[in-house]
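Excluded from the calculations below are hydrogen atoms, water molecules and symmetry mates; all remaining heavy atoms, backbone and side chain alike, are included. Both ligands and their constituent atoms are indexed starting at 1 by order of listing.
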Amino acid sequence: MPDRIPTPTRPLPLYEFLYWSQLADSQTPTAIGQILARARPFNASNGITGLLVFDGQRFCQHLEGPVAAVEALMGRIAADERHSEVHIAYEGALTQRRYHRFDMGYARADDPLEMEQLALLRGDAALQQFLALRSSFDIQS
Ligand SMILES: Cc1cc2nc3c(=O)[nH]c(=O)nc-3n(C[C@H](O)[C@H](O)[C@H](O)COP(=O)(O)O)c2cc1C
């Protein structure tokens, strides 16, 4: 019997979401600590990477990962009562990751105007603005 030729494993198709939302009235800004403590180990073991930005009132999160995992997570996040007015500004297929840390980077936006301006944009314009903003944060992607 000839040896079987191993089939190369194909990487799973990647997908990304960019959304923004508002801290729920019932919450205080300290909710961010609990969110990250739970999110990081989950994301790390499910191949989800990205960045969560918070200005004390508004969230903006960019998530990427295998399509099924990231879609399921986006659904759970959208239903999370710790925030409201979840608006997906951009979603789409991705050929390679934009973030290489296997969990969730976190940045605090000090200028509320940045988040306000971002919330006015949709689609590719929102994505480009977020990516430009990302380079101003003191984080490793
Ligand atoms: C702004 C925000 C961002 C979140 N980001 C993540 C995340 O990146 N990964 C994650 O596993 N959960 C994240 N969560 C928590 C999820 O909404 C949800 O609580 C978690 O997936 C557990 O879901 P379950 O309680 O239905 O099991 C986030 C929640 C909020 C409010």
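Screening His87, Glu91, His83 for a side chain to side chain contact (heavy atoms under 4.5 Å, CB included) involving Tyr19 leaves a single residue, His83. Exactly one residue among Met115, Arg108, Gln61, Arg134 makes a side chain to side chain contact (heavy atoms under 4.5 Å, CB included) with Val53. That residue is Met115.
Considering only residues two or more places apart in sequence or on other chains, Tyr90 meets the side chain to side chain donor-acceptor pair (under 3.5 Å) condition with none of them.
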Return a table of N or O atom pairs, ligand 1 on one side and protein on the other, at distances under 3.5 Å, rounded to 0.1 Å.
residue: ligand 1; atom: 5 (N); partner: Gln61; partner atom: OE1; Å: 3.4
residue: ligand 1; atom: 5 (N); partner: Gln61; partner atom: NE2; Å: 3.2
residue: ligand 1; atom: 8 (O); partner: Asn43; partner atom: ND2; Å: 3.0
residue: ligand 1; atom: 8 (O); partner: Gln61; partner atom: NE2; Å: 3.0
residue: ligand 1; atom: 9 (N); partner: Asn43; partner atom: OD1; Å: 2.8
residue: ligand 1; atom: 17 (O); partner: Asp80; partner atom: OD2; Å: 2.6
residue: ligand 1; atom: 19 (O); partner: Asp80; partner atom: OD2; Å: 3.1
residue: ligand 1; atom: 19 (O); partner: Arg82; partner atom: NH2; Å: 3.2
residue: ligand 1; atom: 21 (O); partner: Arg76; partner atom: NE; Å: 3.1

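Across all their heavy atoms, Asn46 and Pro66 have their closest contact at O-CD, 3.9 Å.
A salt bridge is defined here as a Lys NZ or Arg NE, NH1 or NH2 lying under 4.0 Å from an Asp or Glu carboxylate O, and Glu64 with Arg98 fails to meet this definition.
Under the 4.5 Å side-chain criterion, counting only non-hydrogen atoms from C-beta, Glu114 is not in contact with Asp55.
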